Amino acid sequence: MTSTSPHHFLFPFSVPTATGSAVTLSETMTAEQLHAAALDQHRAGNLPAAAQFYARALAVQPDYAPSLHMYGTLAFQQGDLATALPRLKRAVELGHQTVMVWWHYGCVLLAAGKAADAVTAFQSALQQQPGDGELLLNLGAAAHQAGQGDVAIAALQEAAAKLNNAATYYALGRSLQEFGQAANARAAYATALKLDPTHADAALNVGVLAHDTGDLPAAAALYRQALAARPAMTKAAINLSAALQDMGDLDGAINLLRQILDRDPKEIEAWNNLGAVQQRLGEHAAAEKSYRAVLTYDPLHMVAMDNLASSLRRQGKNETVLDYPKMLVQQKPEAPQAWLALARALEREGKYEDERAALQKALQLQPDSAAVHDMLGTVEQLLKNLPQAFAHYRKAVDLAPHDVDYHINLALIAVRLKDFKTALPLLDSVLAANRFDQRAIAYRALALRLAEDIAAADYLINPEIVTTITTIPVPAGYSDLPSFLNMLVVDLRAVKGRGWSPYGQSVRGGSQTDNMLFAEKAPSIQAFRQVLDQAIKNYLQERKRDDNHPFLAARPERLHYRSWSVILKQGGYHIPHIHPGGSISGVFYAAVPELKNQEGWLELGVPGIEVDLPAAPPTLRVEPKPGRLVLFPSYMWHGTLPFSGEGERITIAFDIVQI
């Protein structure tokens, strides 16, 4: 889904009161007189005449700061940043530092991409004029762009309280959303929409937040609200198509996408979403054409390249998966993104040495790319070169210090190297911003165990504390549990869009649906969802709360799921993994083949990372039984043991998102 761009700043134009009298240039005029004449013309909108007077004032007195300030301001109004910036900078250096000078200078700095310097300028203005709502709004915009989340949010919260308008609450929502406070962002956007129900950008962005947490009806309603306010808002229409797809209304999604493409055949996100719907319908050849349409208009579209590879695999064209990225680097050898695309494709194929070579080429072209260093860290880790991986991840963090993913990757490699002085502060900083970051909790527990702080580690991951095993009641409308499970198995097998051992997932030797299983309209799936809702509510009511524990403190406000189904065949299993996007995860067994010993059992607590633990972590193996429901923290490592017999192991898995 796409959101709208960050908020804008306010540029005030204010000059001293004009005299209203006509002025004729004279060789004897002082810089002050010429400046006054320039202000008259500037206020009257006669910019060429104003520029002439400012230039004459500076010819008489080159360091006349008021003219440097206003001549720079005039240049900015005319779109000439290269001229505006040095003039305003010089005025400030000369000590001309009124509120308006700092304000104008901050706006010019922000427009020039110097966001951190703009923050300083707006803060200087606020020292002279504390609590000014519009200045606070500008400070928030600059801090947002500079990646200073705490400063941005604090400034925008104060600005919103003072200005109380939709635009400022929208700006606050943007910063809250950007810096990981999704629930607070939704509240800010809701206030913006209360103040102005036609604020299309706020409706779109809060729709994205609802969509991300699985609240599909709310997301669709908000996208429609955005479209009602701005019918030509293509982003909202494309997102609505995605919501319809996720809700199972594939015909509605296709019709909407076709309408968008009829208006604009070059709308690449519509093509990409159309391909996703076609792929879900099993129309993989049609999906391939849609993804190739995206790449016709945007040859470097990374998501479309990934999707194209998926559609080729599903058509059995594995030998052609690398054709497009190889062609891309031949056509665009000087484009770093082309080499990155090839590297991503090579990683999917397990060709790590070739991937490293492609990334090194990208790094030559773009030495200060945090993304390239991060990918190099990953490939070095896959090649078991941990010190080299650490160096690249460290560089990525240095280049992009506000990117949480880079912090997580560096922390994980530090854990593997037993560098706890690096790992634990990084993980603590992530958790300070988001106490429910599942990756940070999992890696912190692992770091604590490696550091032999066993009690602290087990407090987080002991299955006896954080795991619940139960059997669901018979859903309404069914005579008994076996009858229900028989129908559920039939409906799960019929779900379209299954991928065999999909890339990036834990499944080996089986198929998996997408993450919106509960949007399927089959009665048995909906009946299970109703039973599950009640089981989770009961579980939350009965569970003892512990605000110091990241799982026992998790109290989702609403039950928003990511949900999918897996069918494992003979020899199939799940590698140990965690679920970064959830807070509570679970698995339900619809059908279980005949198993020998503990084959096919769920295994909780065994890390999916190669580390030399000083003591084995507490683990739990759970026997899969039809009708059994297992709940555990999303940060808990879990996988399954392979089974050797015939038959199918059919499950429903889900995450509950913390909002």
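Throughout, numbering of the chain's residues begins at 1 and tracks the sequence. Treat the numbers as computed from the prediction; the structure is a model and nothing was measured. Side chains are part of it too, since the values below use all heavy atoms of this structure and drop only hydrogens, waters and symmetry mates.
Under 3.5 Å, the side chains of Gln279 and Tyr291 contain a donor-acceptor pair of N or O atoms. Using modelled atom types and a 3.5 Å distance limit, the side chains of Asp398 and His373 yield no donor-acceptor pair.
Salt-bridge annotation for Asp437 and Arg439: present, with a side-chain N of the basic residue lying under 4.0 Å from a carboxylate O of the acidic one.
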Under 3.5 Å, which donor-acceptor pairs link side chains of residues 151-163 to any protein atom two or more places apart or in another chain?
none

Report all side-chain donor-acceptor pairs from residues 250-262 shorter than 3.5 Å, counting only partners two or more places apart or in another chain.
from: Asn255; atom 1: ND2; to: Asp251; atom 2: O; distance (Å): 3.3

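The main-chain N or O of Asn164 is never found under 3.5 Å from a side-chain atom of Thr168 such that the two would form a donor-acceptor pair.
By the 30° and 60° cut-offs, the orientation of the rings of Phe654 relative to Phe518 is tilted.
Residues His42 and Gln77 meet the side-chain proximity criterion, which asks for heavy atoms closer than 4.5 Å.
Ring-centre distance between Tyr170 and His199: below the 6.0 Å cut-off. The six-membered or imidazole ring of Trp564 lies near that of His579, with a centre-to-centre distance under 6.0 Å.
Remark: Ser429 pairs with no residue by the side-chain hydrogen bond (donor to acceptor under 3.5 Å, both in side chains) rule, at least two apart or across chains.
Residue Leu88 is tested with Tyr105, Trp102, Phe76 for a side chain to side chain contact (heavy atoms under 4.5 Å, CB included); the sole match is Tyr105.
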